[in-house]
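In what follows, every heavy atom counts, from backbone to side chain, and hydrogens, waters and symmetry copies are set aside. When a residue number appears, it is its place in the shown sequence, counting from 1.
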Amino acid sequence: QVQLVESGGGLVQAGGSLRLSCAASGRTFNIYIMGWFRRAPGKEREFVAATSWRGARTYTSDSVKGRFTISRDNAKNTVYLQMDSLKPEDTAVYYCAANYDSAYIRPEAYDYWGQGTQVTVSS
């Protein structure tokens with residue numbers, strides 16, 4: 001009953017920035033956490049960042065801490081991922097996910113997923 005659509009991916013040089021958006025539709029009132037995950041070539045799905053939907057708590061993985069920032073606009077039912085100082089190793093498909101549970105970093109706890117948006121970092 002929740003649909004997530006990511007946008008904002010693209011091609012950037014190392015050191016550049018991108019801002020990803022995830023628009024949620026449907027029954028969003030019961031969402032507890034909105035998160036971002038990524039899957040790099042040849043790698044497992046990796047947690048990136050998450051935010052409580054109606055609270056103020058956020059969690060960011062160590063690999064992107066200080067470079068990526070998650071935020072939200074509840075009026076627009078949208079969560080954002082601001083990515084700065086991008087590195088080639090950030091290249092991946094980035095997925096938005098919605099969680100009805102209280103877990104932040106476990107992908108198994110997320111109930112809905114977007115289709116993903118490609119981020120490619122050169123150099």
Side-chain angles (χ1 to χ4, degrees):
Q1 291 182 297
V2 175
Q3 184 175 3
L4 307 173
V5 180
E6 303 99 331
S7 62
L11 303 172
V12 296
Q13 293 185 3
S17 297
L18 284 173
R19 191 187 194 192
L20 306 183
S21 298
C22 174
S25 61
R27 296 184 61 184
T28 60
F29 287 104
N30 55 352
I31 295 175
Y32 183 76
I33 298 170
M34 295 287 288
W36 288 96
F37 293 79
R38 66 185 182 185
R39 183 178 289 111
K43 303 294 183 181
E44 295 291 308
R45 180 198 286 125
E46 177 188 16
F47 172 79
V48 177
T51 180
S52 58
W53 188 235
R54 297 190 179 276
R57 294 186 176 185
T58 62
Y59 183 84
T60 308
S61 70
D62 291 339
S63 62
V64 304
K65 192 170 297 181
R67 300 188 298 119
F68 292 8
T69 304
I70 189 169
S71 62
R72 68 181 190 274
D73 186 338
N74 291 98
K76 295 183 173 65
N77 287 327
T78 301
V79 63
Y80 305 95
L81 185 68
Q82 178 67 44
M83 304 185 295
D84 298 319
S85 301
L86 283 162
K87 305 175 181 179
E89 50 263 45
D90 294 319
T91 295
V93 177
Y94 284 72
Y95 298 90
C96 178
N99 188 356
Y100 291 163
D101 205 349
S102 59
Y104 279 80
I105 66 174
R106 293 192 296 109
E108 297 81 8
Y110 285 76
D111 300 283
Y112 299 98
W113 294 82
Q115 81 288 348
T117 184
Q118 177 71 49
V119 172
T120 303
V121 185
S122 64
S123 286

Compare every heavy atom of Ala40 with every heavy atom of Thr91, then report the nearest pair and how far apart it is. O-CB, 3.5 Å
Can you run down the side-chain hydrogen bond (donor to acceptor under 3.5 Å, both in side chains) pairs that involve residues 11-20, sequence neighbours left out, and say none if there aren't any? Ser17-Asp84
Got Val64 and Met83 here, is their nearest side-chain heavy-atom distance under 4.5 Å? no
Partner set under side chain to side chain donor-acceptor pair (under 3.5 Å) for Glu89, not counting sequence neighbours: none
Distance, nearest 0.5 Å, that separates CD1 of Ile31 from CG of Asn77: 7.5 Å
Following the transitive rule for hydrophobic clusters with a side-chain heavy-atom cut-off under 4.5 Å over Ile, Leu, Val, Met, Phe, Trp and Tyr, establish whether Leu20 and Phe68 coincide in one cluster. yes
Note: Cys96 and Leu4 closest approach over all heavy atoms is O-CD1, 3.6 Å
Are the side chain of Asp111 and the backbone of Tyr100 linked by a donor-acceptor contact shorter than 3.5 Å? yes
What one should report as the nearest heavy-atom pair of Asp101 and Ala109 is CB-O, 4.2 Å
Is there a side-chain contact between Asn99 and Arg106, using heavy atoms and a 4.5 Å cut-off? no
Does NZ belonging to Lys65 count more than 12 external heavy atoms closer than 6.0 Å? yes
Counting only N and O atoms by type, is there a donor-acceptor contact under 3.5 Å from the side chain of Arg67 to the main-chain atoms of Ser85? yes
Is the number of heavy atoms from other residues, nucleotides or ligands under 6.0 Å of Gln115 CD greater than 12? yes
Quick one: closest heavy-atom pair of Ala92 and Arg39, and the distance? CB-O, 3.4 Å
Gap separating the CG atom of Leu81 from the CE atom of Met34, nearest 0.5 angstrom: 11.5 Å
Side-chain heavy atoms under 4.5 Å apart, restricted to Ile/Leu/Val/Met/Phe/Trp/Tyr: what other residues fall into the cluster of Ile33, or is it alone? Tyr32, Phe37, Phe47, Tyr59, Val93, Tyr95, Tyr104, Ile105, Tyr110, Trp113
Is the backbone of Thr117 close enough, under 3.5 Å, to the side chain of Glu6 for a donor and an acceptor to pair up by distance? no
Of all the heavy-atom pairs spanning Leu18 and Gly8, show the shortest one and how long it is. CD2-O, 3.7 Å
Are the side chain of Thr28 and the backbone of Ser25 linked by a donor-acceptor contact shorter than 3.5 Å? no
What about Tyr80 and Val48, same hydrophobic cluster or not, with Ile/Leu/Val/Met/Phe/Trp/Tyr joined at side-chain heavy-atom distances under 4.5 Å? no
Pairwise side-chain contact, Ser61 with Arg38, heavy-atom cut-off 4.5 Å (strictly under): no
Is it the case that over 12 heavy atoms from other parts of the model lie below 6.0 angstrom from the CZ atom of Arg54? yes
Indicate yes or no: at least one non-hydrogen side-chain atom of Trp36 is less than 4.5 angstrom from one of Val79. yes
